[in-house]
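Only a predicted model underlies this, so the values are computations on that prediction, with no experimental measurement involved. Letters A, B, ... are given to chains in the order of the sequence lines, protein chains preceding strands, and every chain is numbered from 1.
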Amino acid sequence: MDNENQLIHARKEKLGRLLEMGTNPFPTKAERSHQIKNILDDPGASIDNKISLDVVGRIRSLRKMGKASFCHIEDETGKIQIYIKRDDIGQEKYKIFKQCDLGDFVHVKGFVFYTQTNELSIHAEEFTFLAKAIRPLPVVKEKIEDGKKVVYDQFADKELRYRKRYLDLLLNPEVKETFKTRSKIIKMMREFLDARGYIEVETPILQPLYGGAAAQPFVTKHNKLEMELYLRIADELYLKRLIIGGFEKVYEVCKDFRNEGMDRTHNPEFTQIELYEAYADYNDIMDLVEDMLAGIAHEVCGTLKIKYDKHIIDLTKPWQRRPMLELIKEYAGIDVENSNMDELLAFCKEHEIELDVKNFGKIIDEIFKRFVEDNLIQPTFVIDYPKEISPLAKSKPENPQLVERFEIFIGGLELGNCFSELNDPIDQRERLESQAKQRKLGDVEANEVDEDFLEAMEYGMPPTGGLGLGIDRIVMLFTNSHNIKDVILFPQMRQDSHNE
RNA sequence: GGGCCAGUAACUCAGUGGUAGAGUAUCGCCCUUUUAAGGCGAGAGUCGAAGGUUCGAAUCCUUCCUGGCUCACCA
């Protein structure tokens with residue numbers, strides 16, 4: 001057996017025995033008359049008349065005795081106990097059954113009955129292999145004690161759970177619930193927007209120029225075209241081209257890619273929903289975000305007072321809308337609006353805030369992050385950002401230093417970002433050129449000028465409200481998850497050195 | 001990138017300088033209503049990797065790998 005694991009070896013031997021007995025361990029077809037939940041919900045007819053049912057599933061527990069055995073099999077809908085007796089299915093079939101292991105897929109034909117301990121079970125009349133597992137599942141056992149489920153030897157190693165998510169899903173049922181909820185949230189977002197007359201679109205992931213956010217991209221290459229391409233960091237500039245093209249309400253559920261650090265709220269590929277609505281402004285979009293997220297919370301969490309970490313978060317509308325500079329005054333104690341550059345720099349030095357680029361916008365942004373963000377537990381629209389850090393947003397008429405922009409914070413998580421979109425092509429060109437200059441000065445996250453996008457805007461773009469919402473973080477909030485890895489099925493991991 | 005913690009059997013873990021352990025799982029025998037099934041017996045390990053100290057290292061030291069938490073970074 002060399003260095004082959006003895007557990008795998010034992011299962012391969014059973015596989016061999018099945019073949020010797022003329023049994024196909026991997027047949028092409030499976031008979032199923034009922035999903036397990038149907039039987040658990042309504043066992044009546046089969047019990048009374050011993051009508052045979054066909055169920056399929058995976059063996060999740062196994063208690064083999066001399067001439068009779070019990071096991072539980074599980075399909076996507078639930079788990080049911082099987083009682084299998086030699087004298088009922090015959091010596092040959094029982095011998096085949098004895099080659100079963102935890103994790104095998106099987107078919108059972110039988111009728112429903114209650115055991116002595118009053119557990120609804122299936123009395124097997126036929127037994128068939130559907131697929132043999134040759135690698136053992138981690139052994140997790142559970143027991144009901146005082147009505148509560150006690151789990152023994154839980155599959156808990158986070159690294160294994162993330163790397164082998166299929167095992168995590170199988171062995172930690174609450175994980176499956178999280179991802180069902182994720183699916184539901186995205187579905188509800190689509191329904192919400194569709195009902196408002198939005199259409200869903202798809203725009204390029206491979207882009208010759210990246211833009212729409214301040215971030216570093218992943219770079220790739222098209223062989224035949226001999227050109228560099230970037231994986232998109234945002235969808236913004238393409239969706240705006242669609243607004244220019246005459247669509248008035250568009251959205252895209254999009255994977256975006258940012259080549260930056262990873263932590264509990266950042267994965268290099270993440271999912272946003274971006275939407276653009278012509279003739280709307282950022283106030284309209286705030287209303288939309290409130291309606292959409294409160295509606296989802298109501299449906300998914302069953303309440304508007306949701307629990308996240310140590311907090312109870314009240315999503316009852318309306319949510320507070322607070323100017324960024326006002327929040328800075330409140331939490332950092334500095335009136336940035338009436339401070340000059342020297343005073344701002346002195347403040348940063350005093351609080352050891354490091355600045356790579358020294359302009360009004362960046363400084364304010366840094367102070368905000370340091371002093372304010374973590375305090376924004378209850379839903380808060382932070383409104384009116386500095387112009388320098390918002391090159392795609394329209395200036396406020398009464399204060400051109402600020403733009404009509406908001407970010408929505410809940411539970412200390414930044415969930416989304418929105419502008420009254422800049423639609424003045426002259427102003428837009430100046431802003432992008434200013435960004436390009438910042439880039440030359442060493443700001444690796446500033447974008448280059450996208451001439452094709454500017455040309456599109458020169459043909460005329462209506463006033464538009466635009467939004468990007470981080471779906472992963474919204475799922476974190478609504479499932480009380482505290483790491484983005486827990487809401488992404490296959491989070492980014494380093495190469496596994498054990499498996500080389 | 002910094003700090004702290006962890007990596008020992010398939011899973012969950014004990015083992016702080018002297019022959020690698022337990023429970024579950026596996027294998028064999030017994031067991032026809034069990035459910036963390038039970039009884040008896042057996043086998044199973046590059047102790048994350050590589051160096052070093054030592055008569056002797058899972059254990060002490062160094063470097064590295066992987067992960068977790070946290071800080072920094074990050075629209």
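Every residue two or more places apart in sequence or in another chain was checked for a ring-ring contact (aromatic ring centres under 6.0 Å, His included) with A/Tyr276, and none qualifies. By the salt bridge (Lys or Arg N to Asp or Glu O under 4.0 Å) test, A/Lys158 is found to be paired with no residue, residues two or more places apart in sequence or in another chain being considered. A search for ring-ring contact (aromatic ring centres under 6.0 Å, His included) contacts involving A/Tyr251 returns nothing, not counting sequence neighbours. In this view, A/Tyr308 and A/His482 satisfy the ring-ring contact (aromatic ring centres under 6.0 Å, His included) rule, not counting sequence neighbours.
For residues 404-419 of chain A, proximity to RNA chain B is found at A/Arg405, A/Glu414, A/Asn417, defined as any non-hydrogen atom under 4.0 angstrom from a strand atom. Of all the residues in residues 369-378 of chain A, A/Lys369 reach under 4.0 Å from RNA chain B with at least one non-hydrogen atom. Of the residues in residues 255-262 of chain A, those with a non-hydrogen atom less than 4.0 angstrom from any atom of RNA chain B are A/Arg258, A/Glu260. Contact check of residues 142-151 of chain A against RNA chain B (heavy atom, cut-off under 4.0 Å) returns A/Glu142, A/Lys143.
In this model, a side-chain donor or acceptor of A/Gln81 finds a partner on the base of B/U34 within 3.5 Å.
A/Cys348 is not listed as a side-chain neighbour of A/Glu366, based on a closest heavy-atom distance of 4.5 Å or more.
Checking each of A/Asn283, A/Leu467, A/Thr380 against A/Phe406 for a side-chain contact (heavy atoms from CB on, under 4.5 Å) leaves exactly one that passes, namely A/Leu467. The side-chain contact (heavy atoms from CB on, under 4.5 Å) test with A/Ile363 is passed by exactly one of A/Asp365, A/Asn359, A/Ile367: A/Ile367. Only one option out of A/Asp153, A/Leu167, A/Leu160 pairs with A/Pro138 in a side-chain contact (heavy atoms from CB on, under 4.5 Å); it is A/Leu167.
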Between side-chain atoms of residues 70-79 of chain A and protein atoms elsewhere (two or more places apart, or another chain), which donor-acceptor pairs fall under 3.5 Å?
unit_1  : atom_1 : unit_2   : atom_2 : d
A/His72 : ND1    : A/Ser61  : OG     : 2.9
A/His72 : NE2    : A/Glu119 : OE2    : 2.7
A/Glu74 : OE1    : A/Arg60  : NH1    : 2.6
A/Asp75 : OD1    : A/Thr77  : N      : 2.7
A/Asp75 : OD1    : A/Thr77  : OG1    : 2.6
A/Asp75 : OD1    : A/Gly78  : N      : 3.1
A/Asp75 : OD2    : A/Arg32  : NH1    : 3.2
A/Asp75 : OD2    : A/Ile36  : N      : 3.0
A/Thr77 : OG1    : A/Ile36  : N      : 3.3
A/Thr77 : OG1    : A/Lys37  : N      : 2.9

Between protein and nucleic acid, restricted to nucleotides 13-15 of chain B and to nitrogen or oxygen atoms under 3.5 Å apart, what atom pairs and distances do you find?
none

Check nucleotides 3-6 of chain B against the protein and report each pair of N or O atoms closer than 3.5 Å, with its distance, or say if there are none.
none

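When the C1' atom of B/C11 is taken as reference, atom CZ of A/Arg135 falls 14 Å away, rounded to whole Å.
For residues 428-437 of chain A, the set of pairs meeting the salt bridge (charged side-chain N to carboxylate O under 4.0 Å, His left out) definition, not counting sequence neighbours, comprises A/Asp427-A/Arg431, A/Arg429-A/Glu433, A/Arg429-A/Glu451, A/Arg429-A/Glu458.
In the set B/U24, B/C69, B/U26, B/U24 carries the atom at the smallest distance from any side-chain atom of A/Val139.
Nucleotide B/U26 has B/A42 as its partner under the Watson-Crick or G-U criteria, with both atom distances under 3.5 Å. Across all strands shown, nothing is found opposite B/U59 as a Watson-Crick or G-U wobble partner with both distances under 3.5 Å.
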